[in-house]
Undergrad: 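Sharing a structure with you now.
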Amino acid sequence: MEKEHFYGRLIIKSKLTTIEQKQFENVVDRRPTIINDQCQRCSQIVTGKIRLAGAEKYCICCQQLGRISEDDELWTINEPNDFNMVKNWDWSGKLTKPQMQVVTEILSHNQKHLVWAVTGAGKTEILFPIIWQGLKQRKRIAIAAPRIDVINELFPRFKRVFPTVTMCAMHGAIKDQYAYTQIVVCTTHQLLKFKAAFDLIIVDEVDAYPLSGNQMLWSAINNACKNNGRQIWLSATPTTTLLKQVRQISYLPLRFHNFLLPECKITLVNRWQHNLKRGKLPAFLIKCLKNFTINGLPFLIFVPTIEDTQAVLQSINKYFPNLKVMAVHSRDTERINKILALRQAKIQGLVTTLILERGVTFPDIDVIVLGAEHSNFTVTSLLQIIGRVGRKLSRPNGEVYFLTNYYCLKLYQVKKLIKKINTKAQIMGGRKYEL
């Protein structure tokens, strides 16, 4: 291990070799793992009800990152911003006037800032000049999100724009993941390993599970940020709680290509779950799948539960044996490869749970929600699902179908919310897509 691995990091002493402990013991800041029954890594209370064999207390809240007990220590070295001056970046795009307005608002102060932008507004592109300014000042930057899929989407985009900047991606599915870099793209869980490490922390999908309402992860974000650092939060669907936590808010209801959000079409499919158990698909879904086989466009079919993914996939294979479709969900060990297969057009569609509701972009995609009435689908998640469609200028429109066993209030709320967003977007110059 190199000295730089301790910069802004919390390293568990017992995880170091004897040689490493002797090598760094005189240069690190050493602190107890637990002070007044509070874990110094995740800030949670250690009750002591469960103890190790030697009766030592340990923190069960963050033990997935490596167990720390009260007889251990956390070693760290203050972040020195030991980076070379960055001279260039590689982005030939151009921000729209509304996007530039958001950039101006963010750069006008140094406080927490929430960017409330509709899905497809180009939030990532808005970040490019913000990050570039920080890099020129040798600042260290973290770009975090609650879900692995979002990190896998973001990392290559930032790597292309800032090819000469040291950068690493961190999440639970990556081994040998850490290197001392100026930019860290990681899940919010990974921030538990840092202490006062970043001058700027950008949190994407700030309202998403598992970050939303998670005290431990919010403590991780705050602890990883320097005392004089700042945070920028991004969301298409911020909660009332989030809106109350920041004074500086930028609102962007217009997508980057100036076309409006697609409106959902609601179709009744009575007893769809009962029929699915018998291997039958709703007639309207069959009609949609026939159209997909003809037009060759990619599609996502969202279903409420993991069990539904397999049942729908089996029925699709029975009705359309030549249609290349896979099922994916949070427990799927091949989920990254399956998402990549759709992105590379090796398959045409995915049957998925809510893991793909946000943070991923597929060009020219159409979307179906089967069982939109189910409690697993909320107004927020349905709005995010709609946002998967029409995200590229090559096809700024697309089809969104909500197949439901019965009409319910939340479906009307989604339609009303879409109209409200589009009305505001039209005021800013947004327009409907016309063939």
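We're numbering straight along the sequence, starting at 1.
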Undergrad: May I ask you to check whether over 12 heavy atoms, not counting those of K410, lie within 6.0 Å of atom NZ?
TA: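 Above 12, so yes.
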Undergrad: Under 3.5 Å, side chain of Q99 to main-chain N/O of E125, donor-acceptor pair present?
TA: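 No, the answer is negative, given that no donor and acceptor are paired below the 3.5 Å cut-off.
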Undergrad: Within the supplied structure, the quantity of interest is the number of heavy atoms (other residues, nucleotides, ligands) at a distance under 6.0 Å from D37 CG; does it exceed 12?
TA: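 Check passes, neighbour count above 12.
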Undergrad: Any donor-acceptor pair under 3.5 Å linking the side chain of D207 with the backbone of S235?
TA: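 It does not hold such a pair.
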Undergrad: Okay, side chain of R255, backbone of G390: is any donor-acceptor separation there less than 3.5 Å?
TA: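 Answer holds: yes.
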Undergrad: In terms of relative ring orientation, are Y401 and F284 parallel, tilted or perpendicular, with 30° and 60° separating the classes?
TA: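 The rings of Y401 and F284 stand perpendicular, inter-plane angle above 60°.
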Undergrad: Side chains of K416 and Q413: do they bring a donor and an acceptor to under 3.5 Å?
TA: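 Checked: K416/Q413 side chains show no N/O donor-acceptor pair below 3.5 Å.
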Undergrad: Do the side-chain N and O atoms of T361 and R391 include a donor-acceptor pair separated by under 3.5 angstrom?
TA: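 There is such a pair (donor and acceptor under 3.5 Å, judged by atom type) between the side chains of T361 and R391.
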Undergrad: Compute whether any side-chain donor of one residue and acceptor of the other, for W272 and E373, lie under 3.5 angstrom apart.
TA: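 There is such a pair (donor and acceptor under 3.5 Å, judged by atom type) between the side chains of W272 and E373.
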Undergrad: Taking NZ, NE, NH1 and NH2 as the nitrogens, is one of them in R335 or D149 under 4.0 Å from a carboxylate oxygen of the other?
TA: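 Salt bridge present between R335 and D149.
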Undergrad: Closest approach of A220 and T188, non-hydrogen atoms and distance?
TA: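 Heavy atoms of A220 and T188 come nearest at CB-O, 4.2 Å.
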Undergrad: Please say which of F320, F292, F362 ends up in a ring-ring contact (aromatic ring centres under 6.0 Å, His included) with F299.
TA: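 Single ring-ring contact (aromatic ring centres under 6.0 Å, His included) partner of F299 among F320, F292, F362: F292.
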Undergrad: Has the side chain of R41 got a donor or acceptor atom that lies under 3.5 Å from a matching backbone atom of T33?
TA: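 Not confirmed, R41 side chain does not pair with T33 backbone.
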Undergrad: May I ask you to say whether E263 pairs ionically with K432, meaning some side-chain N is under 4.0 Å from a carboxylate O?
TA: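 No salt bridge links E263 with K432.
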Undergrad: Determine which pairs satisfy ring pair (Phe, Tyr, Trp, His ring centres under 6.0 Å) with at least one residue from residues 84-137, sequence neighbours left out, and list them in order.
TA: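 Listed by first then second residue: W89-W132, W89-F162, W91-F128, H109-H113, W116-Y251, F128-F158.
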Undergrad: Could you check whether K195 and N78, counting side-chain N and O atoms only, form a donor-acceptor pair closer than 3.5 Å?
TA: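 Absent: no donor and acceptor within the cut-off.
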Undergrad: Does T305 offer a backbone N or O that forms a donor-acceptor pair with the side chain of T309 under 3.5 Å?
TA: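 Side chain of T309 to backbone of T305: no pair is present.
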Undergrad: Answer yes or no: are there more than 12 heavy-atom neighbours, outside Q215 itself, under 6.0 Å from its atom CD?
TA: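 No, not enclosed.
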Undergrad: Take N337 and K346 through the side-chain hydrogen bond (donor to acceptor under 3.5 Å, both in side chains) test and state the conclusion after the steps.
TA: CA-CA 11 Å; N337 293 331; K346 294 180 180 180; over 6 Å; no
Undergrad: Does the pair R140/D199 count as a salt bridge with the N-to-O cut at 4.0 Å?
TA: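 Result for this pair is no, no salt bridge flagged.
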Undergrad: Please check if the number of heavy atoms outside I60 that lie under 6.0 Å from its CD1 is greater than 12.
TA: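 Not more than 12 within 6.0 Å, no.
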Undergrad: Using atom types as modelled and distance alone, determine if a side-chain donor or acceptor of H257 lies under 3.5 Å from a backbone N or O of R395.
TA: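 Between the backbone of R395 and the side chain of H257 there is no qualifying donor-acceptor contact (under 3.5 Å).
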Undergrad: Indicate yes or no: does E153 engage R343 in a salt bridge with an N to O separation below 4.0 Å.
TA: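 Between R343 and E153 there is a salt bridge, with a charged N closer than 4.0 Å to a carboxylate O.
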Undergrad: Would you please indicate if the ring centroids of Y407 and F402 are separated by under 6.0 Å?
TA: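 Between Y407 and F402, the centre distance exceeds or equals 6.0 Å.
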Undergrad: Short question: side chain of E20, backbone of M1 - any donor-acceptor pair under 3.5 Å?
TA: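 Indeed, once roles are kept as given, a pair shorter than 3.5 Å links the two residues.
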Undergrad: Is a donor on one side and an acceptor on the other found under 3.5 Å between the side chain of R358 and the backbone of Q384?
TA: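 Between the backbone of Q384 and the side chain of R358 there is no qualifying donor-acceptor contact (under 3.5 Å).
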Undergrad: Do H374 and N405 pair up side chain to side chain, a donor and an acceptor below 3.5 Å, judged on atom types alone?
TA: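 Note: H374 and N405 side chains miss the donor-acceptor criterion.
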Undergrad: Between the side chains of D204 and K123, is the shortest nitrogen-to-carboxylate-oxygen separation below 4.0 Å, so that they form an ion pair?
TA: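 No.
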Undergrad: Tell me if the CG atom of N84 is crowded by more than 12 foreign heavy atoms within 6.0 Å.
TA: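 Incorrect, the count does not exceed 12.
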Undergrad: Return yes when atom CD of E2 has more than 12 non-hydrogen atoms of other residues, nucleotides or ligands closer than 6.0 Å, and no otherwise.
TA: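 Result for CD/E2: open.
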Undergrad: Does E105 use its side chain to pair, donor to acceptor, with the backbone of V103 at less than 3.5 Å?
TA: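 Pair absent, no side-chain N/O of E105 close to backbone of V103.
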Undergrad: Is there a donor-acceptor pair under 3.5 Å between the side chain of R388 and the backbone N or O of V360?
TA: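 At least one qualifying donor-acceptor pair exists.
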Undergrad: Apply the ring-ring contact (aromatic ring centres under 6.0 Å, His included) test between H5 and each candidate in F194, Y178, Y180, W75; give the one that qualifies.
TA: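 In the set F194, Y178, Y180, W75, the residue that makes a ring-ring contact (aromatic ring centres under 6.0 Å, His included) with H5 is Y178.
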